[in-house]
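Sequence positions, counted from 1, serve as the residue numbers for this chain.
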Amino acid sequence: MPEYKNTAGNKKSQKPNKTLNFLRLGIFWLIVLFLGSAIFSSMTGEGYGKVEERTITEILNYAKEDKLEKIEVTGNELKVTAKDNVDLPKVMISRKDGAGTLQDQGFSEVISEGKVAVENKDNTDVFGMIMDIALIVGPILLVVGFLIFMMRQAQSMNNQNMGFGKAKARLYGNEKKKVLFTDVAGNEAAKQDLSEVVDFLKNPKKYEKLGAKIPRGVLLAGDPGTGKTLMARAVAGEAGVPFFSISGSEFAEMFVGVGASRVRDLFAKAKKNAPSIIFIDEIDAVAHKRDARGGAGREDEQTLNQILVEMDGFDNDTGVIVIAATNRVDMLDKALLRPGRFDRHVNVTLPERKDRVDILKVHFKNKPVADDVDIEALAAKTAGSSGADLANIANEAAISAARNNRKQVTNADVTEAFERVAIGPERKSKVMNEQERKTTAYHEAGHAIVGHVLPDSDPVHKVTIIPRGRTGGVTWFLPPEDRSYKSVYDLKDVLARAMGGRVAERLILGKDGITTGASSDLQHVAELAREMVTAEGMGEKLRDQVFNTNEVNFFGDRAKIYSEKTSEIIDAEIEALAKEANARAEAVLQANRKYLDELAKALLEKETLEEKEVAAILKGTSLPESAKLHD
């Protein structure tokens, strides 16, 4: 296997360059400031504009008349200072072309009589020499430095433009701690499919002898948070090969053709490091259906075309495999999904109960956990949660323990974390008046009683009138076990219990006393009823017929692929389901009115009721005949 370098830290390596450029710019402006100060000082320094030229004879006459205080001798220069009461220039310079001492020029008498003091100074003015040199050389250096600075800026911009076509993929593979299949809990079927890819990368000759070809690509499809990226990393870790990772959006750029150039660069790097893996996350960002989006000159279409060409142009012995991840397989172009490109499709599903136990154990492994924490019970309650959700629950539990200054994660922390992730944090600071609390209590009690009485509904897990997230209260139903399918009876019971809150409000407050608290419930009813009719074929008149409402036309708008008459029937079917749910909820609450009052009263007192408490209060409830769907 050829050697390769880890470029995963490319972004970090750019920081020293930025710091160096900043220092260079700072030094440049310091030089400019120094030269400017020097010029300003020489223009405004002592004596400039005040010096008067005098002959040596004039200086001698001033000395004889006792008008001078002292004479400073520096080489051939005299600096003459007059006395304070004498109206003479304070500084005079003369004898620039003279020679010899002052005594040689007739000053012996005045010096001996003490009429003037003479002070001899060293004529070596180092600072002055430096300033003279700086004033001569400085402007030249300033111009040269400015030209060099501008040339480097132009070169930097040119390099940046040239780098547009380079792939921004991160290269992994030689880290000390690799991701292996043992680090990925659950999804055994997906790991089995991917282990064959690993085996091919390790032992390609075994497959070539039997005439088997390398799989060109593996498409990981699944809901967000199910671990698609982790699976791809595990494949690279198990195989011990370079792993190039890039997201679909990183191919896109404002300049047409850049995406295609980056694709070519990425595949060229992968071939040089073969055997290797290219991982494209969120590939749907650049692999939309071309017949649905239109525009042959679009940047994303050019990028997709280049990916198609690169994948179909592989030699069998290149040893490069493309792994892509998406949660929108329905949006991908068909040419990408055919054999010869993405040969293998692997579904990374939401974890089942057994898998959730394994995943939770992984995330709680390095956390101090109290003995009362029941991982099995938590796994049972988290049906439908992804691996990312479970990781978030474990993290929130640790945060809750730290917030409460505990040294271990307790069952109370786990419960709080689970509820925070599932339905949002408690908003105990929100203040409700008594009328609002009463309305909320009856609303949630209505949900709970309808869900408790109907035979195909999930059992009540918790009821609270403490605001959580965006809601004023929550009635929480949890399935006793994982289920892959739901019947029409199950869904109709969901509709009825969703209507229970609005019906309870109407029973207590009257027909015109209903509130806006049921808006989210009504929206849920409308969406679920539409899905039952259009996607599941559960209508009465349109039974066993489905109508895809996700088709997009040439302009990117939702396309209606059925007639106006069918649309009217669909609307009528949805309305019928909503009315039936409302009637069933009303029948249940009318038949169990006293339990509605009891449950609401208990909620006003305790604010939160657990599953066992709710079951104890609703022990004597009954299902009226008019609410039954089947015997």
Side-chain angles (χ1 to χ4, degrees), residues 169 187-223 226 228-229 231-236 238-239 241 243-248 251 259-260 263-264 266-268 270-271 274-293 296 300-349 548 550-551:
N187 270 308
E188 296 301 325
K191 285 194 286 188
Q192 178 62 34
D193 286 339
L194 293 173
S195 63
E196 295 179 5
V197 176
V198 172
D199 190 40
F200 185 92
L201 289 170
K202 286 183 175 181
N203 307 297
K205 298 297 182 182
K206 180 175 72 172
Y207 293 89
E208 291 173 3
K209 287 179 180 179
L210 297 173
K213 296 181 179 179
I214 179 175
R216 305 288 177 87
V218 178
L219 182 65
L220 302 178
D223 293 328
T226 50
K228 299 184 290 295
T229 304
M231 282 281 189
R233 291 283 300 275
V235 172
E238 292 283 352
V241 299
F243 178 83
F244 293 87
S245 176
I246 192 170
S247 68
F251 289 113
V263 171
R264 289 190 293 270
L266 173 61
F267 279 81
K271 290 176 184 178
S276 61
I277 293 173
I278 294 175
F279 176 61
I280 305 176
D281 199 7
E282 305 295 345
I283 193 173
D284 50 275
V286 290
H288 289 283
K289 294 179 180 178
R290 287 172 292 179
D291 56 348
R293 295 178 61 83
D300 55 350
E301 289 203 3
Q302 289 196 18
T303 305
L304 172 59
N305 290 337
Q306 190 62 44
I307 293 174
L308 297 175
V309 170
E310 292 288 347
M311 291 190 69
D312 205 26
F314 279 175
D315 295 327
N316 287 336
D317 58 352
T318 57
V320 179
I321 294 178
V322 181
I323 301 178
T326 181
N327 60 331
R328 294 297 307 272
V329 179
D330 58 305
M331 295 180 62
L332 299 182
D333 191 86
K334 293 179 180 179
L336 198 67
L337 302 177
R338 72 163 176 81
R341 291 195 173 112
F342 283 105
D343 305 276
R344 182 164 298 187
H345 296 181
V346 177
N347 291 319
V348 185
T349 59
N548 189 354
N550 291 323
E551 290 291 331

A.B. asks: Nearest 0.5 Å, what's the CE-CG distance between Met231 and Asn187?
C.D. replies: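 The CG atom of Asn187 is 4.0 Å from CE of Met231, to the nearest 0.5 Å.
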
A.B. asks: Work out which heavy atom in Ala232 is nearest to a heavy atom in Phe243; give both atom names and the distance.
C.D. replies: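 Looks like O-CE1, 3.4 Å.
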
A.B. asks: Quick one, Arg328 with Asp330, criterion salt bridge (charged side-chain N to carboxylate O under 4.0 Å, His left out). Give me CA distance, side-chain angles, the key distance, then yes/no.
C.D. replies: CA-CA 5 Å; Arg328 294 297 307 272; Asp330 58 305; 3.0 Å; yes

A.B. asks: Among Val235, Ile277, Leu194, whose side chain to side chain contact (heavy atoms under 4.5 Å, CB included) with Val218 holds?
C.D. replies: Leu194

A.B. asks: Is it true that a side-chain atom of Asn347 and a backbone atom of Thr349 form a donor plus acceptor pair closer than 3.5 Å?
C.D. replies: no

A.B. asks: Ignoring hydrogens, what is the shortest heavy-atom contact between Leu336 and Phe342? Give both atom names and the distance.
C.D. replies: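 The pair with the smallest heavy-atom distance is O-CD1, 3.2 Å.
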
A.B. asks: Once rounded to the nearest 0.5 Å, what's the spacing between atom CD1 of Ile307 and atom CD1 of Ile280?
C.D. replies: 4.5 Å

A.B. asks: Return the orientation label for the Tyr207 and Phe200 ring planes: parallel under 30°, perpendicular over 60°, tilted otherwise.
C.D. replies: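 Ring orientation, 0 to 90° scale: tilted.
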
A.B. asks: Which atom names give the shortest non-hydrogen contact between Leu220 and Lys228, and what distance separates them?
C.D. replies: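 Where Leu220 meets Lys228 most closely, the heavy atoms are CD1-O, 3.3 Å.
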
A.B. asks: With side-chain contact (heavy atoms from CB on, under 4.5 Å) as the criterion, how do Leu337 and His345 come out once you've worked through the C-alpha distance, each side chain's angles and the decisive distance to 0.1 Å?
C.D. replies: CA-CA 9 Å; Leu337 302 177; His345 296 181; 4.1 Å; yes

A.B. asks: Look up atom CD1 in Ile323 and atom CZ in Arg233, then write down how far apart they are to the nearest 0.5 Å.
C.D. replies: 12.0 Å

A.B. asks: Quick one: closest heavy-atom pair of Val320 and Ala270, and the distance?
C.D. replies: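 Closest heavy-atom pair between Val320 and Ala270: CG2-O, 3.7 Å.
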
A.B. asks: Which is it for Val241 and Lys202 under the side-chain contact (heavy atoms from CB on, under 4.5 Å) test, yes or no, and what are the steps along the way?
C.D. replies: CA-CA 9 Å; Val241 299; Lys202 286 183 175 181; over 6 Å; no

A.B. asks: Which atom pair, heavy atoms only, marks the closest approach of Ala324 to Ile283?
C.D. replies: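 For Ala324 versus Ile283, the nearest heavy atoms are CB-CD1, 3.7 Å.
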
A.B. asks: Looking at every non-hydrogen atom in both residues, tell me the closest pair between Arg216 and Arg341 and how far apart they are.
C.D. replies: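 Scanning both residues, the minimum pair turns out to be CB-O, 3.1 Å.
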
A.B. asks: Do Asp223 and Asn327 come close enough that some side-chain heavy atom pair is under 4.5 Å?
C.D. replies: no

A.B. asks: Would a 4.5 Å heavy-atom cut-off, applied to side chains only, mark Met331 and Thr326 as touching?
C.D. replies: no

A.B. asks: Less than 4.5 Å apart, side chain to side chain, heavy atoms only: is that true for Leu201 and Glu238?
C.D. replies: no

